[in-house]
*Asks:* 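My structure is below; once you've seen it, I'll send some questions.
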Amino acid sequence: MARWTAADIPDLTGRTAVVTGANTGLGFETAKALSRHGAAVVMACRDGRRCQAAAERIRHAVPTGRVEAMALDLADLDSVRAFADEFAARHDTLDILMNNAGVMAPPQKLTTRQGFELQFGTNHLGHVALTGHLLPLLMRSPGSRVVTVSSFAHVGGRIDFDDLQHERGYAPYGAYSASKLANLLFMLELDRRLSHAQASTLSVAAHPGFASTNLQAAGPFLGAKPLLSWFVLGGVRLAGKSPERGAEPQLYAATAPGVKGGDFFGPKRLGGGVAPSSMASSARDEAVASRLWDASKRLTGVDIDAIIAENRS
């Protein structure tokens with residue numbers, strides 16, 4: 001495909017988008033770009049104060065934009081449910097759900113409020129629950145899209161059904177890779193089930209490549225000395241592409257015409273821009289995906305199959 005940038009986003013007037021982790025990095029740039037092209041954007045963030053400040057920055061940059069900040073902690077399934085209920089009280093439909101927020105490789109094992117390993121619980125289970133709760137609104141909007149942000153780190157991931165919470169041993173990057181593999185397994189399984197129900201909602205995914213955001217530096221150095229964190233963050237900013245460029249694949253997945261369910265986009269290797277990205281064979285294992293789907297239903301208490309059946313047109 002030709003070089004694609006956020007300037008190529010079509011007019012989104014009348015569309016509504018939810019972007020998780022929208023107060024910084026890829027999420028912030030995604031929210032700003034969608035707002036600039038006419039979408040009403042809900043910025044869903046764990047830290048309410050920072051989210052409000054980020055929304056003000058977008059309002060300053062895009063005076064005609066419509067953005068609102070709402071509290072969402074993906075590491076707490078009660079917060080996910082509360083967010084979805086409040087969103088549904090304010091909005092009748094949803095056109096774009098950008099499952100962007102994530103946690104990367106904290107050095108010590110941390111857990112969510114419900115006791116799940118933090119990366120699996122936030123990156124995967126939190127977004128599974130959010131998607132399920134918001135699916136009725138998505139299915140009311142023809143051509144809506146669920147965009148799951150994964151990573152090329154999924155290639156090294158493995159889903160161990162005997163130890164989903166890494167209780168037998170915690171390896172920071174192993175757990176991160178597993179959560180990113182889970183993202184793609186979920187994306188493809190959701191696409192299969194939506195397609196079987198003949199729903200028009202698309203489930204797609206994207207990855208940013210190596211982008212200069214706080215994710216790469218903040219997660220691995222949670223609890224580290226400030227000087228070390230500052231040094232690593234400086235290195236990331238020098239080596240990685242800008243957040244604006246890093247957000248292009250997920251913006252393409254969310255808005256470009258011709259996108260099909262199950263598509264996966266990333267940066268071109270040469271010359272910049274967006275291109276279809278390959279997945280590891282482990283991400284396409286339908287037996288593993290189905291088993292993870294069932295485990296996720298059990299752990300979150302969210303039955304997406306029932307939600308799809310109840311909202312078929």
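Note: hydrogens, waters and symmetry copies are ignored here, and every other heavy atom, side chains too, is used.
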*Asks:* Could you check whether any side-chain N or O of Ser144 sits under 3.5 Å from a backbone N or O of Ser141, counting only pairs where one atom can act as donor and the other as acceptor?
*Replies:*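 Flag set: sc Ser144 to bb Ser141 pair under 3.5 Å.
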
*Asks:* Restricting to salt bridge (Lys or Arg N to Asp or Glu O under 4.0 Å), what partner residues turn up for Asp303, sequence neighbours left out?
*Replies:*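 Residues passing salt bridge (Lys or Arg N to Asp or Glu O under 4.0 Å) with Asp303: Lys297.
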
*Asks:* Identify the heavy atoms of Gly132 and Val302 that sit nearest to each other, and give their distance.
*Replies:* CA-CG1, 3.9 Å

*Asks:* Can you get from Val146 to Met139 by hopping between Ile, Leu, Val, Met, Phe, Trp and Tyr side chains that sit under 4.5 Å apart?
*Replies:*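 Yes, because Val146 and Met139 connect within a single hydrophobic cluster, where side-chain heavy atoms sit under 4.5 Å apart.
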
*Asks:* According to a 4.5 Å side-chain heavy-atom criterion applied to Ile, Leu, Val, Met, Phe, Trp and Tyr, with indirect links allowed, do Val204 and Leu12 form part of one hydrophobic cluster?
*Replies:*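 In one cluster with Val204: Leu12, yes.
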
*Asks:* Quick one: do Met187 and Tyr252 end up in the same hydrophobic cluster if we chain Ile, Leu, Val, Met, Phe, Trp and Tyr together by side-chain heavy atoms under 4.5 Å apart?
*Replies:*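 Per the 4.5 Å side-chain linkage, Met187 and Tyr252 are not co-clustered.
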
*Asks:* With sequence neighbours left out, which residue pairs that include part of residues 279-293 fulfil the side chain to side chain donor-acceptor pair (under 3.5 Å) condition?
*Replies:*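 Every pair satisfying side chain to side chain donor-acceptor pair (under 3.5 Å) with a residue in residues 279-293: Trp293-Asp305.
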
*Asks:* Does Glu189 have any salt bridge (Lys or Arg N to Asp or Glu O under 4.0 Å) partners at least two apart in sequence or in another chain, and if so, which?
*Replies:* Arg192, Arg193

*Asks:* Look only at the side chain of Ser200 and the backbone of Gly143, and say whether a donor-acceptor pair between them is shorter than 3.5 Å.
*Replies:* yes

*Asks:* If you measure from CG on Leu97 to OG1 on Thr131, what distance do you get to the nearest 0.5 Å?
*Replies:* 5.0 Å

*Asks:* Check which hydrophobic residues are tied to Phe161 through side-chain heavy-atom contacts below 4.5 Å, counting indirect links as well, and list them.
*Replies:*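 The other cluster members (ILVMFWY side chains, heavy atoms under 4.5 Å, direct or chained) are Leu77, Phe116, Phe120, Leu125, Ile159, Leu164, Leu181, Leu185, Val288, Leu292, Leu299.
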
*Asks:* Show me the pairs that pass side chain to side chain donor-acceptor pair (under 3.5 Å) and involve residues 42-56, at least two apart or across chains.
*Replies:*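 Pairs touching residues 42-56 that pass the test: Glu56-Arg59.
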
*Asks:* Can you check whether Phe87 reaches His133 side chain to side chain, under 4.5 Å on heavy atoms?
*Replies:*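 Not touching, per the 4.5 Å side-chain cut-off.
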
*Asks:* Which pairs pass salt bridge (charged side-chain N to carboxylate O under 4.0 Å, His left out) with one or both residues in residues 95-111, sequence neighbours excluded?
*Replies:* none

*Asks:* Ignoring hydrogens and angles, tell me if any N or O in the side chain of Thr20 forms a donor-acceptor pair with the backbone of Asn100 under 3.5 Å.
*Replies:*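 Checking the backbone N and O of Asn100 against the side chain of Thr20, a donor-acceptor pair under 3.5 Å is found.
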
*Asks:* Applying side-chain contact (heavy atoms from CB on, under 4.5 Å), name anything that partners Gln198, two or more places apart in sequence or on another chain.
*Replies:* none

*Asks:* Under 3.5 Å, side chain of His127 to main-chain N/O of Gly121, donor-acceptor pair present?
*Replies:*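 Between the backbone of Gly121 and the side chain of His127 there is no qualifying donor-acceptor contact (under 3.5 Å).
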
*Asks:* Could you give the distance from CZ (Arg298) to CG (Asp294), rounded to the nearest 0.5 Å?
*Replies:*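 Going from CZ on Arg298 over to CG on Asp294, the span is 9.5 Å.
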
*Asks:* Mind listing the closest non-hydrogen atom pair of Ser203 and Leu194 along with its distance?
*Replies:* CB-CD1, 4.4 Å

*Asks:* By salt bridge (Lys or Arg N to Asp or Glu O under 4.0 Å), which residues pair with Lys32, not counting sequence neighbours?
*Replies:* Glu29

*Asks:* Donor-acceptor check, side chain of Thr30 to backbone of Ala247, threshold 3.5 angstrom: yes or no?
*Replies:*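 Checked: no pair found.
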
*Asks:* List for me each residue that meets ring-ring contact (aromatic ring centres under 6.0 Å, His included) alongside His207, sequence neighbours excluded, and say none if there are none.
*Replies:* Phe152, Phe264

*Asks:* Do Tyr176 and Val103 come within less than 4.5 Å of each other through their side chains, counting heavy atoms only?
*Replies:* no

*Asks:* Please check if the side chain of Gln119 supplies one atom and the backbone of Pro172 the other of a donor-acceptor pair under 3.5 Å.
*Replies:* yes

*Asks:* Would a 4.5 Å heavy-atom cut-off, applied to side chains only, mark Gln250 and Leu26 as touching?
*Replies:*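 When only atoms from C-beta onward are counted, Leu26 and Gln250 do touch, with a gap below 4.5 Å.
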
*Asks:* Should Leu188 and Val259 be counted in the same cluster of Ile, Leu, Val, Met, Phe, Trp and Tyr side chains packed under 4.5 Å apart?
*Replies:* no

*Asks:* Assess the residue pair Asp163 and Arg168 against the criterion (side-chain contact (heavy atoms from CB on, under 4.5 Å)); give the C-alpha distance rounded to whole Å, side-chain angles, the decisive distance to 0.1 Å, and a yes or no.
*Replies:* CA-CA 7 Å; Asp163 191 24; Arg168 297 177 183 171; 3.3 Å; yes

*Asks:* Would you name the heavy atoms of Ser150 and Pro208 that are closest together and state the gap between them?
*Replies:*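 Minimum heavy-atom contact is O-CD, 3.9 Å.
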
*Asks:* Can you tell me how far CG of Leu130 sits from CG of Leu134, rounded to the nearest 0.5 angstrom?
*Replies:* 4.5 Å

*Asks:* Stepwise, does the side-chain contact (heavy atoms from CB on, under 4.5 Å) test hold for Ile58 with Arg36?
*Replies:* CA-CA 9 Å; Ile58 292 179; Arg36 179 167 281 136; over 6 Å; no

*Asks:* Working to the nearest 0.5 Å, report the span between CG of Leu137 and OG1 of Thr16.
*Replies:*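 Atom-to-atom, Leu137:CG and Thr16:OG1 are 9.5 Å apart.
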
*Asks:* If you count every heavy atom of other residues, nucleotides or ligands that lies below 6.0 Å from Asp92 atom CG, does the total exceed 12?
*Replies:*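 Atom CG in Asp92 is not crowded, with 12 or fewer foreign heavy atoms closer than 6.0 Å.
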
*Asks:* Taking all non-hydrogen atoms of both residues, which atom of Pro106 and which atom of Tyr170 are closest, and how far apart?
*Replies:*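 Minimum heavy-atom contact is O-OH, 2.7 Å.
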
*Asks:* So, Ser179 versus Asn123: side-chain donor-acceptor pair below 3.5 Å or not?
*Replies:* yes

*Asks:* Would you say Val149 ends up clustered with Leu34 if hydrophobic residues are merged whenever their side chains have heavy atoms under 4.5 Å apart, either directly or through other cluster members?
*Replies:* yes

*Asks:* Write down the atom of Leu251, the atom of Ala33, and the distance for their closest heavy-atom approach.
*Replies:*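 Scanning both residues, the minimum pair turns out to be CD1-CB, 3.7 Å.
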
*Asks:* Scan side-chain atoms only and decide if Glu248 and Thr5 contain a donor-acceptor pair under the 3.5 Å cut-off.
*Replies:*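 Checked: Glu248/Thr5 side chains show no N/O donor-acceptor pair below 3.5 Å.
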
*Asks:* Scan for side chain to side chain donor-acceptor pair (under 3.5 Å) pairs involving residues 63-81, sequence neighbours excluded, and state none if there are none.
*Replies:* Glu68-Arg90, Glu68-His91, Asp76-Arg113, Asp76-Gln114

*Asks:* For Ser278 versus His154, what's the shortest heavy-atom pair and its separation?
*Replies:*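 Result for this residue pair: O-CE1, 4.2 Å.
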
*Asks:* For Phe83, what residues pass the ring-ring contact (aromatic ring centres under 6.0 Å, His included) criterion, not counting sequence neighbours?
*Replies:*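 In terms of ring-ring contact (aromatic ring centres under 6.0 Å, His included), with neighbours along the sequence ignored, Phe83 is linked to no residue.
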
*Asks:* Are any side-chain N or O atoms of His124 and backbone N or O atoms of Lys180, one a donor and one an acceptor, separated by less than 3.5 Å?
*Replies:*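 Not at all, since once roles are kept as given, no pair shorter than 3.5 Å links the two residues.
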
*Asks:* Filter on salt bridge (charged side-chain N to carboxylate O under 4.0 Å, His left out), then keep only pairs touching residues 130-148, sequence neighbours left out; what's left?
*Replies:*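 As it turns out, there is no salt bridge (charged side-chain N to carboxylate O under 4.0 Å, His left out) pair with a partner in residues 130-148 once direct neighbours are skipped.
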
*Asks:* Answer yes or no: is there a donor N or O on one side and an acceptor on the other, between the side chain of Gln165 and the main chain of Glu117, under 3.5 Å?
*Replies:*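 Side chain of Gln165 to backbone of Glu117: a pair is present.
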
*Asks:* What I'd like to find out is whether the side chain of Ile96 reaches to under 4.5 Å of the side chain of Val18, using heavy atoms alone.
*Replies:*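 Not in contact.
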
*Asks:* Looking at Arg245, is its backbone amide N or carbonyl O close enough to the side chain of Ser242 to form a donor-acceptor pair, meaning the two atoms are under 3.5 Å apart?
*Replies:*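 Confirmed, Ser242 side chain pairs with Arg245 backbone.
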
*Asks:* Rounded to the nearest 0.5 Å, what's the gap from OG on Ser277 to CG on Asp263? Could you check?
*Replies:*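 Reported to 0.5 Å precision, the distance equals 11.0 Å.
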
*Asks:* Output the distance between atom NE2 (His196) and atom CG (Asp191), rounded to the nearest 0.5 Å.
*Replies:* 13.0 Å

